[in-house]
Amino acid sequence: MESFSSKSLALQAEKKLLSKMAGRSVAHLFIDETSSEVLDELYRVSKEYTHSRPQAQRVIKDLIKVAVKVAVLHRNGSFGPSELALATRFRQKLRQGAMTALSFGEVDFTFEAAVLVGLLTECRDMLLELVEHHLTPKSHGRIRHVFDHFSDPGLLTALYGPGFTQHLGKICDGLRKLLDEGKL
């Protein structure tokens, strides 16, 4: 007997539609103002670091697509109890990473790239485990692309160096606000 689920079909259509719309300008419709400002600043950092506008756009677009898809899965109750526990651990690890990044930005001479690389790698692995049975290999590739890009020790070292002070300040302001509001 053929198994058909209109709920599953609707979820697939919603994910597909949202992934097609996930450009930087459309992100403002799905993401709050502070998150959008942080994403815009991450785009500027990526663009300056890579010297490639298309590469910077691709990584932010991938980040938005992944965030929207995971949010859709969560909102539709697609995660089981063990996956919800993993999602909670992922959120805690992401929050720890944000607080660490913020601390490195606020306290001079404390930055250690290896610490942030480790935290981002753990977040990537948890997120991949969380969506393993829910998203396509293409989406898994997007997750790897985003986390591998932002956990590049060269990019992190540049971000915490003298040439990116203004960008780092804006990212830290946004992270602090997201943490204070409980959104991260």
Side-chain angles (χ1 to χ4, degrees), residues 1-24 26-42 58-104 114-151 156 171-172 174-184:
M1 175 150 200
E2 183 180 340
S3 67
F4 177 80
S5 168
S6 60
K7 182 178 177 182
S8 175
L9 188 60
L11 180 62
Q12 286 176 338
E14 188 175 7
K15 288 190 308 189
K16 186 72 169 175
L17 176 65
L18 291 176
S19 72
K20 293 289 184 195
M21 297 170 50
R24 273 181 67 238
V26 180
H28 298 286
L29 298 174
F30 297 102
I31 298 172
D32 66 85
E33 189 64 32
T34 305
S35 298
S36 181
E37 290 170 6
V38 171
L39 288 173
D40 287 346
E41 211 54 45
L42 288 173
R58 171 57 47 205
V59 76
I60 297 301
K61 191 170 185 175
D62 284 353
L63 191 151
I64 292 167
K65 284 182 178 185
V66 167
V68 168
K69 286 182 179 186
V70 171
V72 166
L73 288 169
H74 187 270
R75 191 188 76 212
N76 285 308
S78 298
F79 297 130
S82 64
E83 291 170 325
L84 287 173
L86 180 60
T88 300
R89 287 196 320 273
F90 169 75
R91 184 178 173 157
Q92 290 168 340
K93 187 60 70 174
L94 196 59
R95 185 175 171 79
Q96 178 187 359
M99 289 189 299
T100 302
L102 192 55
S103 173
F104 286 161
V115 172
L116 282 180
V117 169
L119 287 167
L120 288 168
T121 301
E122 286 182 60
C123 286
R124 179 199 64 203
D125 294 344
M126 281 188 208
L127 185 56
L128 284 169
E129 185 180 342
L130 177 65
V131 301
E132 182 179 5
H133 303 294
H134 300 283
L135 297 180
T136 65
K138 187 173 183 178
S139 292
H140 296 175
R142 285 187 179 111
I143 292 168
R144 284 185 193 87
H145 178 233
V146 169
F147 279 95
D148 291 351
H149 177 78
F150 288 111
S151 66
L156 291 171
I171 290 170
C172 286
L175 288 177
R176 189 178 310 99
K177 188 174 180 184
L178 290 171
L179 288 167
D180 290 346
E181 294 171 355
K183 294 179 180 176
L184 189 64

**Q** Within this structure, what is the CD-SG distance for the pair Q92 and C123, rounded to the nearest 0.5 Å?
**A** 11.0 Å
**Q** Ignoring hydrogens, what is the shortest heavy-atom contact between V38 and G174? Give both atom names and the distance.
**A** CG2-CA, 3.6 Å
**Q** Could you report the tightest heavy-atom contact between T100 and V115, atom names first, then the distance?
**A** CG2-CG1, 3.9 Å
**Q** Rounded to the nearest 0.5 Å, how far apart are CZ of R176 and CG of L102?
**A** 5.0 Å
**Q** Quick one: salt bridge (Lys or Arg N to Asp or Glu O under 4.0 Å) partners of R58, sequence neighbours excluded?
**A** D62
**Q** For A98, give me all partners under side chain to side chain contact (heavy atoms under 4.5 Å, CB included), at least two apart in sequence or on another chain.
**A** L175, L179, L184
**Q** Do E83 and H133 have a side chain donor and acceptor closer than 3.5 Å?
**A** no
**Q** For the atom pair NZ (K61) and CD1 (I64), what is the distance rounded to the nearest 0.5 Å?
**A** 9.0 Å
**Q** Using side-chain heavy atoms (C-beta onward) and a distance below 4.5 Å, is V59 in contact with F150?
**A** yes
**Q** Run the salt bridge (Lys or Arg N to Asp or Glu O under 4.0 Å) test against E41 and tell me which residues pass, sequence neighbours left out.
**A** R44
**Q** Given F147, which partner from the list L127, T121, L63, V66 fulfils the side chain to side chain contact (heavy atoms under 4.5 Å, CB included) test?
**A** L127
**Q** Which pairs, with at least one residue in residues 114-132 and sequence neighbours excluded, count as a salt bridge (charged side-chain N to carboxylate O under 4.0 Å, His left out)?
**A** K93-E122, R124-D148
**Q** Closest approach of A101 and C172, non-hydrogen atoms and distance?
**A** O-SG, 4.3 Å
**Q** Looking at S35 and L178, what are the two nearest heavy atoms and their distance?
**A** OG-CD2, 3.5 Å
**Q** With sequence neighbours left out, write down each residue that passes side-chain hydrogen bond (donor to acceptor under 3.5 Å, both in side chains) with S139, or none if nothing qualifies.
**A** K69
**Q** Determine whether S36 and D40 satisfy the following criterion, side chain to side chain contact (heavy atoms under 4.5 Å, CB included), listing intermediate values before the conclusion.
**A** CA-CA 6 Å; S36 181; D40 287 346; 4.1 Å; yes
**Q** Please state whether the rings of H134 and F79 are parallel, tilted or perpendicular, taking 30° and 60° as the class boundaries.
**A** perpendicular
**Q** With rounding to the nearest 0.5 Å, note down the distance linking CG in L94 to CE in M99.
**A** 10.5 Å
**Q** The criterion is side-chain hydrogen bond (donor to acceptor under 3.5 Å, both in side chains); which residues satisfy it with K138, sequence neighbours excluded?
**A** none
